[in-house]
Chemist: 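Pasting a structure here, questions to come.
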Amino acid sequence: MTMETELSPGFQEPVHGAQQTFRAVLDALSRPGIPVPLSGIEAAPDPMGPTLAAAALTLLDHETGVYLAPPLDIEAVKRYIAFHTGAPTVSEPADADFVIALADRDMPDILQLKTGCAEYPDQSATVLLGVRDFGSGEKVLLSGPGIAETQEFSPGNLDAGFWTTARQNHARFPLGVDFILCGPESVAGLPRSTSIAV
Amino acid sequence: MEREKAYNFAYLDEQTKRMIRRAILKAVAIPGYQVPFASREMPMPYGWGTGGVQVTASVLGQDDVLKVIDQGADDTTNAVSIRKFFKKTAGVETTTETGRASVIQTRHRVPEDELRPDQILVYQVPIPEPLRFLEPRETETRTMHALEEYGLMHVKLYEDISRHGHIATTYAYPVHVNARYMMDPSPIPKFDNPKLHRMAALQLFGAGREKRIYAVPPHTQVHSLDFDDHPFEVQKWDKACAICGAEDSFLDEIITDDAGGRMFVCSDTDYCNRQCEGVAK
């Protein structure tokens with residue numbers, strides 16, 4: 001029998017680590033398109049970055065089904081999420097409360113995720129999306145709640161069709177999914193309420 | 001002050017905080033929509049701000065500076081006890097100065113000072129549903145919000161006008177958020193309603209007994225309902241504050257004797273204090 005690989009640690013201080021991460025995520029979602037600095041968990045298993053891991057450990061628990069999109073559906077990440085959060089993994093994206101994905105890799109069809117219903121639009125999925133950076137991608141102009149006038153946003157390595165899908169997502173408001181984009185050292189929010197001009 | 005180590009940081013357990021944090025994020029993503037949450041029993045009775053306390057406990061960190069006001073005052077029972085509660089369970093610094101606070105929990109007022117982007121305003125909410133007194137059934141009000149069917153509230157305001165000649169609603173004045181959801185701004189005087197519109201700070205609302213959380217993100221459009229021929233108006237006084245002389249603040253009427261004597265003073269005690277210092281200089 002082979003030795004199990006060592007389990008990577010979570011937050012050094014779980015209470016304060018989660019609180020600081022939550023405030024960064026809250027700030028990010030309150031001001032769409034403005035990256036908020038977040039140190040994250042350095043020891044996160046590859047290919048999960050430090051901020052993606054921190055967001056997951058802050059928001060997930062046994063009440064939230066999580067879908068790990070390839071290449072994150074590997075044993076190391078599954079065990080990491082299971083041990084630190086207790087969140088059950090689901091095999092269908094449409095059943096997930098949280099989807100964890102990397103921007104340019106097998107992202108599930110956003111329009112097939114849980115959107116909530118007219119009476120309860122909050123019963124929808126949240127997508128934690130790992131991105132390369134917040135400056136090298138296609139530039140879009142955001143407006144809506146949380147934005148004074150307009151906000152330029154250009155996260156790197158998103159799929160070519162991402163913005164089209166994101167606009168369709170916004171068109172369903174108040175239904176829809178919310179994105180928390182996790183870069184190397186910061187997070188940015190893209191809630192369903194944000195309108196996007198390409 | 002050293003915090004009481006027998007409790008988790010900020011009293012709530014981590015699982016509860018996560019549940020509330022998820023609800024807050026949904027609330028921010030759908031401005032004005034009431035997100036149901038599993039409100040906990042708190043060591044204070046319902047009606048004392050258990051919703052606001054749970055929201056504050058879920059956002060509060062070690063480095064935050066907390067201010068708590070009740071009807072604008074820092075020195076009333078509710079404000080003092082909630083401030084002491086977080087001093088004891090979270091060990092955070094507290095203040096009465098609006099400008100120094102990073103998190104402000106409030107009951108029934110919005111501070112007179114303009115809030116900044118790095119501040120969070122947490123409201124205590126008794127009845128989160130603006131349509132509740134017009135339609136008691138939750139299933140019905142849910143449907144009304146889903147269909148954006150708000151005609152009933154306009155009828156109510158119209159009946160005000162036909163009976164009194166003006167809109168007689170003076171507090172908990174309904175607003176339309178981001179041109180979508182109708183929202184109860186909590187029982188703040190309608191004097192404060194214009195401050196909600198495009199406020200730079202994030203506004204979170206917690207209703208403990210009714211188990212709802214809702215939010216207004218920064219810079220969001222908040223429109224107080226009105227009619228073209230009866231535009232929204234705020235209260236005005238023909239007096240200035242008897243203590244500091246401010247003419248732009250919300251005034252409380254204080255009865256001073258049993259012969260009809262009265263005075264008007266600022267409801268925002270911090271604002272009043274600073275006005276006094278300014279006058280002294």
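Just so we're on the same page: letters track the sequence lines, and every chain starts at 1. The figures that follow rest on heavy atoms only: side chains count, while hydrogens, waters and symmetry mates do not.
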Chemist: Does a side-chain heavy-atom distance below 4.5 Å link R31(A) with P117(B)?
Modeler: yes
Chemist: So what's closer than 4.5 Å to chain B heavy atoms on T64(A): side chain, backbone, both or neither?
Modeler: side chain
Chemist: Contact part of V103(B) toward chain A, heavy-atom cut-off under 4.5 Å: side chain, backbone, both or neither?
Modeler: side chain
Chemist: Would a 4.5 Å heavy-atom cut-off, applied to side chains only, mark R21(B) and V25(A) as touching?
Modeler: no
Chemist: Suppose a student defines contact as a heavy atom less than 4.5 Å from any heavy atom of chain A. Which residues in residues 105-116 of chain B would they list?
Modeler: none
Chemist: Quick check: under 4.5 Å, non-hydrogen atoms only, which of residues 6-16 of chain B neighbour chain A?
Modeler: N8(B), F9(B), E14(B), Q15(B)
Chemist: Could you go through the side chain to side chain contact (heavy atoms under 4.5 Å, CB included) check for E119(A) and E138(B) one step at a time?
Modeler: CA-CA 11 Å; E119(A) 287 81 10; E138(B) 170 71 5; over 6 Å; no
Chemist: When you compare the side chain of L59(A) with that of L25(B), does any pair of heavy atoms fall below 4.5 Å?
Modeler: yes
Chemist: Write down the atom of G146(A), the atom of P217(B), and the distance for their closest heavy-atom approach.
Modeler: N-CB, 3.9 Å
Chemist: Given a strict heavy-atom distance threshold of 4.5 Å, which part of F179(A) is in contact with chain B: side chain, backbone, both, or neither?
Modeler: neither
Chemist: Which members of residues 49-66 of chain B, sorted by number, sit under 4.5 angstrom from chain A on a heavy-atom basis?
Modeler: S58(B), V59(B), L60(B), G61(B), Q62(B), D64(B)
Chemist: Whether the side chain of K26(B) engages the backbone of S124(A) through a donor-acceptor N/O pair (distance < 3.5 Å, no angle test) should be reported.
Modeler: yes
Chemist: Applying salt bridge (Lys or Arg N to Asp or Glu O under 4.0 Å) as the test, list every pair that has at least one member in residues 43-58 of chain A; sequence neighbours left out.
Modeler: none
Chemist: So V28(B) and L26(A), do their side chains get closer than 4.5 Å, heavy atoms only?
Modeler: yes
Chemist: Answer yes or no: does atom CD of E185(A) have more than 12 heavy-atom neighbours from other residues, nucleotides or ligands under 6.0 Å?
Modeler: no
Chemist: So which of A118(A), P191(A), C117(A) has the largest heavy-atom pair count under 4.5 angstrom toward chain B?
Modeler: A118(A)
Chemist: Heavy-atom distance under 4.5 Å to chain B: side chain of I147(A), backbone, both or neither?
Modeler: backbone
Chemist: Would you call R180(B) and F173(A) a side-chain contact if the rule is heavy atoms closer than 4.5 Å?
Modeler: yes
Chemist: Considering only heavy atoms, which portion of D122(A) lies under 4.5 Å from any heavy atom of chain B: side chain, backbone, both, or neither?
Modeler: both
Chemist: Can you measure from CD1 (I30(B)) to OG (S193(A)) and round to the nearest 0.5 angstrom?
Modeler: 8.5 Å
Chemist: With a 4.5 angstrom heavy-atom cut-off, could you sort out which part of L60(A) is near chain B: side chain, backbone, both or neither?
Modeler: backbone
Chemist: Which answer fits A23(B), side chain, backbone, both or neither, if we ask what part of it has an atom under 4.5 Å from a heavy atom of chain A?
Modeler: neither
Chemist: Which residue out of D61(A), T58(A), V15(A) racks up the most heavy-atom pairs below 4.5 Å with chain B?
Modeler: D61(A)
Chemist: Rounded to the nearest 0.5 Å, what separation is found between the CG atom of L202(B) and the CG atom of L29(A)?
Modeler: 10.0 Å
Chemist: Given side chains that start at C-beta, do those of P121(A) and Y181(B) come closer than 4.5 Å, heavy atoms only?
Modeler: yes
Chemist: Any side-chain heavy-atom pair from Y120(A) and V35(B) closer than 4.5 angstrom?
Modeler: no
Chemist: Below 4.0 angstrom, N of the basic side chain to O of the carboxylate: do R22(B) and E63(A) qualify?
Modeler: yes
Chemist: To the nearest 0.5 angstrom, please state how far the CD atom of Q203(B) sits from the OG atom of S30(A).
Modeler: 11.0 Å
